[in-house]
Trainee: 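Got a structure here, written out as structure tokens. Questions coming.
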Amino acid sequence: MCVAFAAMLSGCGADPTSPTPVACRDTVITIGVFSNGAPASPGQGMVWTSHFAATVLPAQPSVYVVDINFAPAGCTATWSAVSADTSAVQLSPASGSGRSQVELFMPVNTGAQRSTLVTIAGQTASITQSGR
């Protein structure tokens, strides 16, 4: 038996035969920063909204890996990933369930500084990329 627990999160534990649903809570979303196959930068493991709130990203193309994790272990909550401006930030995949990763890609910015809102698993961050 599965029960919806929040507008963007729903699901139950790993045991679908359990008569008691397992509430998905304590969503932890962290950031891993990778550039052209290089190891993760010091942003690795930071809460993703804090990382983007404190950083103006460079104008060159950037890829970030956002790790979505729920408690308790085995929670299979569904989530979605939405960019308000897909020309500034592209997300893949756009939805999933349970522990997952979302790739956040920012193409080169040849114009003025730009910002957009990105929402992943119900948590929103404003992402700013410098211009050239």
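Throughout, residue positions are numbered sequentially from 1 according to the sequence presented. Bear in mind the structure is a predicted one, so any value in this text is a computation, not a measurement.
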Trainee: Between Thr119 and Thr124 (side chain of the first, backbone of the second, donor and acceptor by atom type, cut-off under 3.5 Å), is there such a pair?
Mentor: no
Trainee: Tell me, please, which residues at least two apart from Ser126 pass side-chain contact (heavy atoms from CB on, under 4.5 Å).
Mentor: Ser115, Leu117, Thr128
Trainee: Would you please name every residue forming a side chain to side chain donor-acceptor pair (under 3.5 Å) with Ser92, sequence neighbours left out?
Mentor: none
Trainee: From Arg99 CZ over to Asn69 CG, what is the distance, rounded to the nearest 0.5 angstrom?
Mentor: 4.0 Å
Trainee: Can you give me the closest heavy-atom contact between Leu91 and Ala81, atom names plus distance?
Mentor: CD1-C, 3.6 Å
Trainee: Within this structure, what is the CD-CZ distance for the pair Gln129 and Phe52, rounded to the nearest 0.5 Å?
Mentor: 10.5 Å
Trainee: Can you say whether the rings of Tyr64 and His51 are parallel (under 30°), tilted (30 to 60°) or perpendicular (over 60°)?
Mentor: tilted
Trainee: Please step through side chain to side chain contact (heavy atoms under 4.5 Å, CB included) for the pair Asn109 and Arg132, ending with a clear verdict.
Mentor: CA-CA 7 Å; Asn109 183 9; Arg132 289 201 174 182; 5.8 Å; no
Trainee: Sequence neighbours excluded, which residues qualify as side-chain contact (heavy atoms from CB on, under 4.5 Å) partners of Pro107?
Mentor: Gln90, Phe105, Arg114
Trainee: Check whether any side-chain N or O of Ser100 sits under 3.5 Å from a backbone N or O of Gly98 as a donor-acceptor pair, and report yes or no.
Mentor: yes
Trainee: Decide yes or no on side chain to side chain contact (heavy atoms under 4.5 Å, CB included) for Val118 and Val82, but give the supporting numbers first.
Mentor: CA-CA 6 Å; Val118 172; Val82 179; over 6 Å; no
Trainee: Only one of Asp85, Val56, Leu104 passes side chain to side chain contact (heavy atoms under 4.5 Å, CB included) with Ile127; say which it is.
Mentor: Leu104
Trainee: Please report the interatomic distance CD1(Ile120) to CH2(Trp48), rounded to the nearest 0.5 Å.
Mentor: 4.0 Å
Trainee: Do Glu103 and Val63 have side-chain heavy atoms sitting under 4.5 Å apart?
Mentor: yes
Trainee: When you measure from the side chain of Thr55 to the backbone of Leu57, do you find a donor-acceptor pair of N or O atoms at a distance under 3.5 Å?
Mentor: no
